[in-house]
Amino acid sequence: MARTGIATVCLSGTLEDRLDAAAAAGFDTVEIFEADLIASPRSPEQIRDHIAGLGLTISLYQPFRDAEGAPPQRFAATLRRLRAKLELMDRLGAGTLLICSSVAPDTIVDNDLAADQLRELAELAAGHGIRIAYEALAWGRHISTWEHSWDLVRRADHPALGLCLDSFHVLSRTDRFAGIADLPGDRIFFVQLADAPRLDMDVLQWSRHHRLFPLQGGLDLAGFTRTVLASGYAGPLSLEVFNDVFRQADPHRTAVDARRSLIALQDAVDTTQPAGSAPAGGAARKAESRLTGIAFAELGVGDDTDTGPQLETLLTALGFTHTGQHRSKPVQLWEQNTARILLNSGVHESAIHAFALESTDPEAAARRAAHLLAAPLPRRRRQSEADLTAIAAPDGTEIFFCRTAPPDDSVPAAETRTKPLGDSAPALETRTAPLGQHGWLDDFLPTGETPAPPTGVTAIDHLSLAQPFDRYDEAALFYRTVLGLIGDEASEFAAPFGLIRTLAIRDPERRVRITLSVPVLRRGDWAPAVRHPQHLTLATDDLPRTASALRSAGVPLLAIPGNYYDDLDARLTLDPPLRTRIRDLGAMYDEDAHGHYLQLFTPVIGGRIFLEIVQRVGGYRGYGFVNDPVRMAAHREQRLHAHSPR
Ligand SMILES: O=C(O)c1ccc(O)c(O)c1
Ligand SMILES: [Mg+2]
């Protein structure tokens with residue numbers, strides 16, 4: 001495994017904050033960004049000792065700008081500047097200096113001159129035992145491609161001069177990087193890794209504001225890294241990410257996120273063949289265990305005394321039965337078919353506090369999570385309680401791995417417990433003794449409550465987890481790599497209080513589906529204190545029946561504006577009966593190449609949570625993202641009405 005490095009510029013805080021975070025996350029080495037050193041009150045010797053004390057090394061000092069192609073007078077000043085930086089590097093104990101290609105307007109376009117000057121600079125560095133790694137900036141005045149930088153390094157032909165390859169500069173310009181594998185690996189002095197979303201914009205702005213850690217963006221980091229390693233390069237793989245959000249986020253979290261990305265990248269490099277096709281996390285590791293469904297979602301009930309009764313009324317109206325009471329915690333189990341919801345009144349905030357995933361091998365799933373630096377949650381096992389392995393998601397949501405099914409991998413747990421649907425079939429009679437022998441369900445004492453008449457709800461369709469604005473990329477990488485899920489549909493839309501970005505992730509068989517959503521910017525002072533709500537989406541096989549059960553129980557549904565239906569009619573030519581049904585139900589609608597989707601929403605309950613009830617008809621694969629802006633505005637209306645005097 002290559003040594004792992006991170007540039008101080010990736011992190012936030014003082015130089016010490018950044019170094020401490022890098023060490024705590026387990027990096028081997030750091031790149032010192034010049035501005036971070038200059039701003040530090042510590043002497044270079046103190047910094048050197050601090051870094052050594054943390055068990056880190058300095059693998060690079062950077063950047064040294066506008067060196068090659070300088071007119072004679074400026075080159076004299078460049079030599080003077082270099083001497084000063086080499087003396088600084090001696091004091092710091094840094095052995096490699098990055099020179100990035102010139103951007104100065106007076107740069108002379110002359111390859112021979114540039115090579116001569118680089119040789120002279122390398123000779124000066126060699127006198128200090130220091131090496132120069134030359135990097136082509138994608139926006140360099142004269143030199144802007146890896147081929148061109150290699151051409152100069154070869155012409156200069158000095159043992160203290162080699163290449164710095166930065167994945168962003170290479171991949172932002174070209175897909176043709178295969179030739180890197182044929183370079184002599186010992187002439188590549190340094191490799192920097194950064195991913196980025198595919199954006200059609202000025203490359204300098206793209207680089208300085210939007211870089212991401214590997215596998216968080218759209219560039220082929222696995223292919224690039226594999227190619228670089230094929231050259232025989234044996235130095236560190238070092239992250240250099242300029243990102244507006246990371247620059248102001250907790251450096252400890254960012255450093256863990258960063259190292260997770262490198263671990264996942266190495267797995268992807270190790271286990272995939274063709275460039276560009278690497279699933280995050282590595283295929284081999286994924287094969288160890290599979291996720292086969294959502295076992296339960298646990299809702300925090302919060303401190304507000306209304307929320308618990310409101311949720312209970314809603315679940316009852318939806319046809320759920322309060323089937324169990326936890327042996328030692330204030331947690332209720334509610335069930336209908338394979339949908340299981342826990343209501344936890346010991347949790348202060350009403351939100352999706354936890355969820356459990358069915359795994360073919362929970363221990364292997366937990367090992368994979370630990371390998372990818374997921375924070376384990378302390379086990380709170382009491383006698384006779386199931387020993388669930390649990391980890392914390394970036395926002396603190398608890399994720400359990402469990403195995404409700406008997407040890408037969410081929411059968412999803414849910415199906416083994418489900419009786420064929422029928423009006424008279426009590427939903428819960430299917431719980432049989434063998435399941436209870438090793439399942440978490442045994443932690444619940446049966447209430448003996450009479451099962452409610454079913455309403456068509458069959459399962460949890462997906463979980464929609466609102467993320468803090470500065471955790472989006474971290475959360476997306478976490479859910480994909482730690483859980484071994486794949487990225488599905490992504491979307492961005494203007495909501496009443498700002499831009500919202502959403503991403504769906506799922507397992508290959510669509511048995512575990514999660515959507516993440518996040519405000520693109522931190523909310524300003526004007527936007528109300530309303531928190532971006534989370535929701536739980538239930539699948540029904542008969543939406544009209546579920547809707548009428550709710551109506552007859554007097555449970556209100558979210559009111560959808562008439563304008564929405566007028567627009568739907570304008571955009572789509574729906575069969576008249578379907579068109580009428582959608583309006584009558586007060587549902588929202590979407591369709592794709594496979595089928596269509598009907599959605600109903602409850603109002604927000606307890607400040608932060610609502611339920612969605614959906615019917616997928618004909619194999620619709622999406623999540624109805626297109627309807628989110630209208631739905632969010634409708635929720636805002638509903639809250640205003642709830643709070644204004646009648
Ligand atoms: O944005 C820059 O100027 C810059 C500086 C040094 C680097 O290594 C780099 O990739 C970019
Ligand atoms: Mg770079």
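Here the structure is a predicted model, which means the values were calculated and not measured. The figures here come from the full heavy-atom set of this structure, side chains too, leaving out hydrogens, waters and symmetry mates. Start at 1 and go down the list; that is how both ligands and their atoms are numbered.
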Acceptor/donor pairs from residues 63-76 side chains to any protein atom, 3.5 angstrom cut, sequence neighbours excluded:
| unit_1 | atom_1 | unit_2 | atom_2 | d |
| --- | --- | --- | --- | --- |
| Asp66 | OD1 | Val103 | N | 2.8 |
| Asp66 | OD1 | Ala104 | N | 3.1 |
| Glu68 | OE1 | Ser102 | N | 3.3 |
| Glu68 | OE1 | Ser102 | OG | 3.2 |
| Glu68 | OE2 | Ser102 | N | 2.9 |
| Glu68 | OE2 | Tyr134 | OH | 3.0 |
| Arg74 | NE | Asp106 | OD1 | 3.2 |
| Arg74 | NE | Asp106 | OD2 | 3.1 |
| Arg74 | NH1 | Asp66 | O | 3.1 |
| Arg74 | NH2 | Asp106 | OD1 | 2.7 |

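Protein residues lining ligand 1, listed by chain and number: Gln62, Pro63, Arg65, Leu98, Glu135, Leu137, Trp139, Asp166, His169, Gln192, Arg208, Arg211, Glu240, Phe242 [non-hydrogen atoms, distance under 4.0 Å].
A donor-acceptor pair is defined here as one N or O able to donate and one able to accept, closer than 3.5 Å; such a pair exists between the side chain of Thr174 and the backbone of Arg176.
Side-chain polar atoms of Ser464 and Thr515 form a donor-acceptor pair below 3.5 angstrom.
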Margin query: Show, in sequence, the C-alpha distance, side-chain angles and deciding distance for Arg155 and Asp112, and conclude whether the salt bridge (Lys or Arg N to Asp or Glu O under 4.0 Å) test is met.
Written below: CA-CA 8 Å; Arg155 279 177 200 243; Asp112 289 329; 2.8 Å; yes

Next item on the list: Give the C-alpha distance, both sets of side-chain angles, the deciding distance and a yes or no for salt bridge (Lys or Arg N to Asp or Glu O under 4.0 Å) between Arg18 and Asp36.
Entry: CA-CA 9 Å; Arg18 300 173 197 227; Asp36 298 329; 3.4 Å; yes

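Near-neighbour remark for the Mg ion (ligand 2): protein N, O or S atoms under 2.8 Å are Glu135 OE2, Asp166 OD2, Gln192 OE1, Glu240 OE1; waters not counted.
The aromatic rings of Phe246 and Phe213 lie parallel to each other, their planes meeting at an angle below 30°, with 60° marking the opposite boundary.
The two residues Val241 and Arg211 make their nearest non-hydrogen contact at CG1-O, 3.4 Å.
Take Thr397 and apply the side-chain hydrogen bond (donor to acceptor under 3.5 Å, both in side chains) test, not counting sequence neighbours, and it matches Asp395.
Distance check, rounded to the nearest 0.5 Å: CZ of Phe190 to CG of Leu163 gives 13.5 Å.
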